[in-house]
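One structure below.
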Amino acid sequence: MGEYTPGDEWYFQKSELEKGKSPQEIKEEKHLRRITCTFLQESGVRLKLPQLTIATAILFFHRFYIRNKIKDFDRYIIGTVCMFLAAKVEDTPKRLNDVLLETYRVWNKKDIVVDSEEFNRLREQIVNYEFTLLQSISFDFTVAHPYKYLVSNIRTMQDSMALQQTGSKELAQVAWNFVNDSLRTTLCLQYRPDRIAVAAIFLASKFLKCQLSSGEDKEWWETYNMSKEEIEDISNQILDLYEESPGASALKAKLPGASSHQFVVKTESNPAVPAVPKLEPVARAPVKQEEKEEGEMTE
């Protein structure tokens, strides 16, 4: 076994995440996680929180529901608690009243009156459930996201001439968006952030038809110690978000294992330039100055 690193206890095999659940329960939980993550993304944007804070809130949400059944706790309350806690952990704190106002507006599509009976009841629930969240995540605030690895990898590619400067910004932006969308899956519970970053770059390169080279007699992603199976699995789980998109089907056909039957996806058309895989429109978070300096990109 390799050396233990902080956060190791938060990674699981997909089979472990699905253990004891029926196919219908797996499908329903996947759906509920996705829509709640979309809610958190939109709420974070309205609160003018940076993307890293939003990603931490979503990570806390996924971790909470590893140790609790998704139907046993109100997702709105837990999601709001996750946002409130993440803002503190990432040193971008927001007043609880402000967090409650925005999450309520996104969740219910209407406003709530401050100090009303409903407002005070929800506020008390959020305060009470913060400790429940802390217990569920074992007071572990160790978080890491794919963004820094994504930027670092693309810079390395530039330095090694595997990627021309003119295409690096667009590649980084598309890969960044794939990382954002990956938050709606449980990939953050299955793979380390550096693995997700490489897969996001892979998907972006296929979408943009950007040729990447290792300069050696092997695939470029192999230089990051990624296996074909990892690339396929992470890519497929991200592309599954866009089930109805012909563009996603075209990308799936370009995965390393597409020659094997399980990765061939039938499409009605395979346009030269596939449509951008999209779910429902998702708001993008503002980028803090330090994020711009690290990533040199916008949402």
Is it true that [X] and [Y] have a side-chain N and a carboxylate O under 4.0 angstrom from each other?
| X | Y | value |
| --- | --- | --- |
| R95 | D98 | yes |
| E18 | K21 | no |
| E29 | K71 | no |

When you measure from the side chain of [X] to the backbone of [Y], do you find a donor-acceptor pair of N or O atoms at a distance under 3.5 Å?
| X | Y | result |
| --- | --- | --- |
| S22 | E25 | yes |
| E130 | V127 | no |
| K94 | L47 | yes |
| S235 | E232 | no |
| H145 | V179 | no |
| T103 | V99 | yes |
| D194 | Y149 | no |
| N68 | F64 | yes |
| Y65 | F73 | yes |
| Q173 | E170 | no |

Please verify the inter-ring angle class for F202 with W221; under 30° counts as parallel, over 60° as perpendicular, anything in between as tilted.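 Aromatic pair F202/W221 classed perpendicular.
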Mind checking whether F39 and Y76 have parallel, tilted or perpendicular rings, split at 30° and 60°?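 Tilted.
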Taking the side chain as every heavy atom from C-beta outward, state whether [X] and [Y] have any pair of such atoms under 4.5 Å apart.
| X | Y | answer |
| --- | --- | --- |
| Y104 | E118 | yes |
| L122 | I112 | yes |
| Y129 | T80 | no |
| Y224 | T156 | yes |
| Y242 | D181 | yes |

Report the distance from atom CG of L96 to atom CG of L101, rounding to the nearest 0.5 Å.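 Here the rounded value is 9.5 Å.
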Quick check: are there more than 12 heavy atoms from other residues, nucleotides or ligands sitting under 6.0 Å from CD of Q13?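 No - once you tally the heavy atoms of other residues, nucleotides and ligands closer than 6.0 Å, there are 12 at most.
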CD/E124: more than 12 non-hydrogen atoms of other groups inside 6.0 Å: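 Check fails, neighbour count at 12 or below.
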C37 versus L183, closest heavy-atom pair with distance: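 What the structure gives for the nearest pair is SG-O, 3.6 Å.
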